[in-house]
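Each remark here refers to the structure printed beneath this line.
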Number of protein chains: 2
Amino acid sequence: MSPSSASKTPTIQDVARRAGVSAATVSRALSAPEKVSDSTRAKVTEAVEATGYAINQAARSLRMREARTILVAIPNMGNPFYSTIMDSVVREATLRGYGVLVANRVGNDPTQWLRDYFSSNRADGLLLFDASLELGHLPEPPRQKGLLPLVLSCDEIIDGGFNLVMTDNRAGAERATRHLIDQGHTRIGHICGRLVHQFPNERLLGFQDAMRKAGLPIRQDWLFPGDHSMVAGVDAGDRFLALSDRPTALFCANDESMIGFLSRTRAHGIECPRDISLVGFDDINIAENYWPPLTTMRQPRNELGRVATATLIDILEGTAPSGEGLRIVLPSELIVRSSTAPLPATRQAVGL
Amino acid sequence: MSPSSASKTPTIQDVARRAGVSAATVSRALSAPEKVSDSTRAKVTEAVEATGYAINQAARSLRMREARTILVAIPNMGNPFYSTIMDSVVREATLRGYGVLVANRVGNDPTQWLRDYFSSNRADGLLLFDASLELGHLPEPPRQKGLLPLVLSCDEIIDGGFNLVMTDNRAGAERATRHLIDQGHTRIGHICGRLVHQFPNERLLGFQDAMRKAGLPIRQDWLFPGDHSMVAGVDAGDRFLALSDRPTALFCANDESMIGFLSRTRAHGIECPRDISLVGFDDINIAENYWPPLTTMRQPRNELGRVATATLIDILEGTAPSGEGLRIVLPSELIVRSSTAPLPATRQAVGL
DNA sequence: GTGAAAGCGCTAACAC
DNA sequence: GTGTTAGCGCTTTCAC
């Protein structure tokens, strides 16, 4: 395979020598083909193939002061919702010639661990999944050189200055809740997502919107705290079981907490949708094959990942529309399966 | 924040100037503190903090000919099994000072996409999850300079030369099947994992081991083809439903295909474990909260990710035991939940 | 359209 | 122990 006797990986010099041109010309032929004559380009192309040359990214990064790499920060990689997004992120980034680095928070300085990636020239931009974890700690101003955060897919409310790509959480939550109302339910509760400093997030707001518009009361004891995890759903199930006066339907901030709730309550004889109707959010892979199949708001995860990545790279390359507090909102979609059912007329009559 | 008026990110020269030493000394103080006097070290430390210096990885990589980065190749990132492993991979790598790059296959040359990462000096080593996708295409010899593959968590059978970190798939599969046998089942089938070139994989082998030892027949029409996906499980469900003579229990190559199977067959009135007992493999997060809660072989996913990463880095740094066809096998564990039940005596009596 | 030369920030010989 | 020097492989003026 290796053409020359030297076992080193070929450099641009090797290509240049073989093509009978200078290294500068090879560089140009590769990154700006139009600046080079046809014959030269052909010679270089041949030489590249013959030598098996691949660019040394480290050298390029050093010289160009850019890593051609984006950093993806995920709070909880095990979450199936995020892991699916990752797929489209990596795909889009690869297509555009960017590498994808993954970061976990390690250590206890919430600022430093992200910052280091940039100051050490390892990444040019940041894709932050789920704002709750880090947003408050991000260095100011957020858009300082080399730190271009792009937040996506959070249901928290983000104050300006950050570039966002997200689903229409509030409208989606309202749609989900309305589905319950349309089915005749009036006694409706909510398993909440993460609340930052007790502030309502977008999905809670959407839930409230729907309830208010329908003239339905929002009962505090039917508002279950949560954090998008399955155990939060299990906890909500416990609280539900302890209730003397129970709702007949629940809007869950995401599918995982819904699954936790279902699992716990079913173990205590509560049947869904016979005894309780549930709508979730996300439409994770398993939603369709759970029992019962989950009614849920589908987020366009592939689009989310693709658009966020494309936008970030556009910003990095200076081709983004503006780069100033961009806000791209993608629509969600109600997927009706079997975890919701009309409230039986009998129960409706007696006010249950 | 920025101490000097220049807005550039500080270099090692800035630190040197501030500490009143040479750049070489700063470099030494940082990477080999024992080679430098106490007082110098103190001055350098102070200067680093004052300037907010962070090393430029691109420059370091260029100079050292190593990227301090590992590449993780995952065939299907959406799979909850893999995404959980990723978490421990990133954690361990970060602890050891390595970055984690994620790769997806893009384009159609199965060799090139991985190779490029190394020849371009972007990654020093490879963590290959699931061998089926790429192993046959990996360049030979596999352990050529700069290409140190480490394969983990595949249930395929890998011929030597690769470094493996994996679960005891064969023994685990045998254990799972034995659990079914212990419950009185004799009519047992299997939803297969990926078969490479029709060769039995380790889990199929383990299934066969258990059946053979128990003197039970392995029926071809109860061996359902699969690929670890949920739809494969759904397909298996269809085949099962079409059977005139059905097994009473199934060992599923993984939890996801088990879930697909459950979902499809339940929609047709088959109740688990009343009508069929099922054991899976993996113990994915949702296994506990599925309905019924899944009996399954737990893989030590965190350990898998941690050990694989640690081993890879050990190899890269030359501190691994050998680096020659290493094979680390981690134990799996039977988790009994509710998807399996003893075969009712009545059905047993009539040979069902 | 192409080449020569400089330099990105770092580390490793080699002096002292 | 510490400084000086060279050079990793690339891109980019600046000449021609």
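All values below come from the heavy atoms of this structure, side chains included, with hydrogens, waters and symmetry mates left out. A, B, ... follow the sequence lines: proteins, then strands. Residue 1 opens every chain.
- In this entry the distance linking CZ of B:R60 with P of D:dG9 reads 17 Å, nearest Å.
- Atoms CD1 (B:I55) and C1' (C:dC8) sit 14 Å apart, rounded to a whole Å.
- Judged by distance alone, the side chains of A:T40 and A:R28 never bring a donor and an acceptor atom under 3.5 Å apart.
- Side chains of A:R96 and A:T309 form no contact here, defined as non-hydrogen atoms less than 4.5 Å apart.
- OP1 and OP2 of C:dG9 both lie 4.0 Å or more from every side-chain N or O belonging to A:R63.
- Residue B:R65 places none of its side-chain N or O atoms closer than 4.0 Å to OP1 or OP2 of C:dT11.
- C:dC8 atom C1' lies 15 Å from atom CD of A:Q57, rounded to whole Å.
- The interatomic distance linking B:K35 (NZ) with C:dC14 (P) rounds to 13 Å, in whole Å.
- A heavy-atom distance below 4.5 Å is not found between the side chains of B:R18 and B:K43.
- B:N121 places no side-chain N or O within donor-acceptor distance of the main-chain N or O of A:Q57, the cut-off being under 3.5 Å.
- The phosphate of D:dT2 (OP1 or OP2) has a side-chain N or O of B:S37 nearer than 4.0 angstrom.
- The listed nucleotides are D:dC10, C:dG3, C:dG9; the one nearest the side chain of B:T11 is C:dG9.
- Atoms CZ (B:R122) and P (D:dC10) sit 14 Å apart, rounded to a whole Å.
- Rounding to whole angstrom units, CD1 of residue A:I12 and C1' of D:dT12 are separated by 12 Å.
- In this structure, the side chain of A:D124 engages the main chain of A:R68 through a donor-acceptor pair within 3.5 Å.
- As a whole-Å value, the separation of B:E66 CD from D:dG9 P is 14 Å.
- Protein atom CG of A:L62 is 9 Å distant from nucleotide atom C1' of C:dG7, rounded to whole Å.
- Among the nucleotides D:dC10, C:dA4, C:dG9, the one closest to any side-chain atom of B:A59 is C:dG9.
- Remark on DNA chain C: of its neighbouring residues B:R28 and B:N56, the 5'-side contact belongs to B:N56, judged by nearest-heavy-atom nucleotide.
- Nearest nucleotide to the side chain of B:T40, out of C:dC10, C:dT2, D:dG1: D:dG1.
- Residue whose closest nucleotide on DNA chain D sits further toward the 5' end, between B:T25 and A:A58: B:T25.
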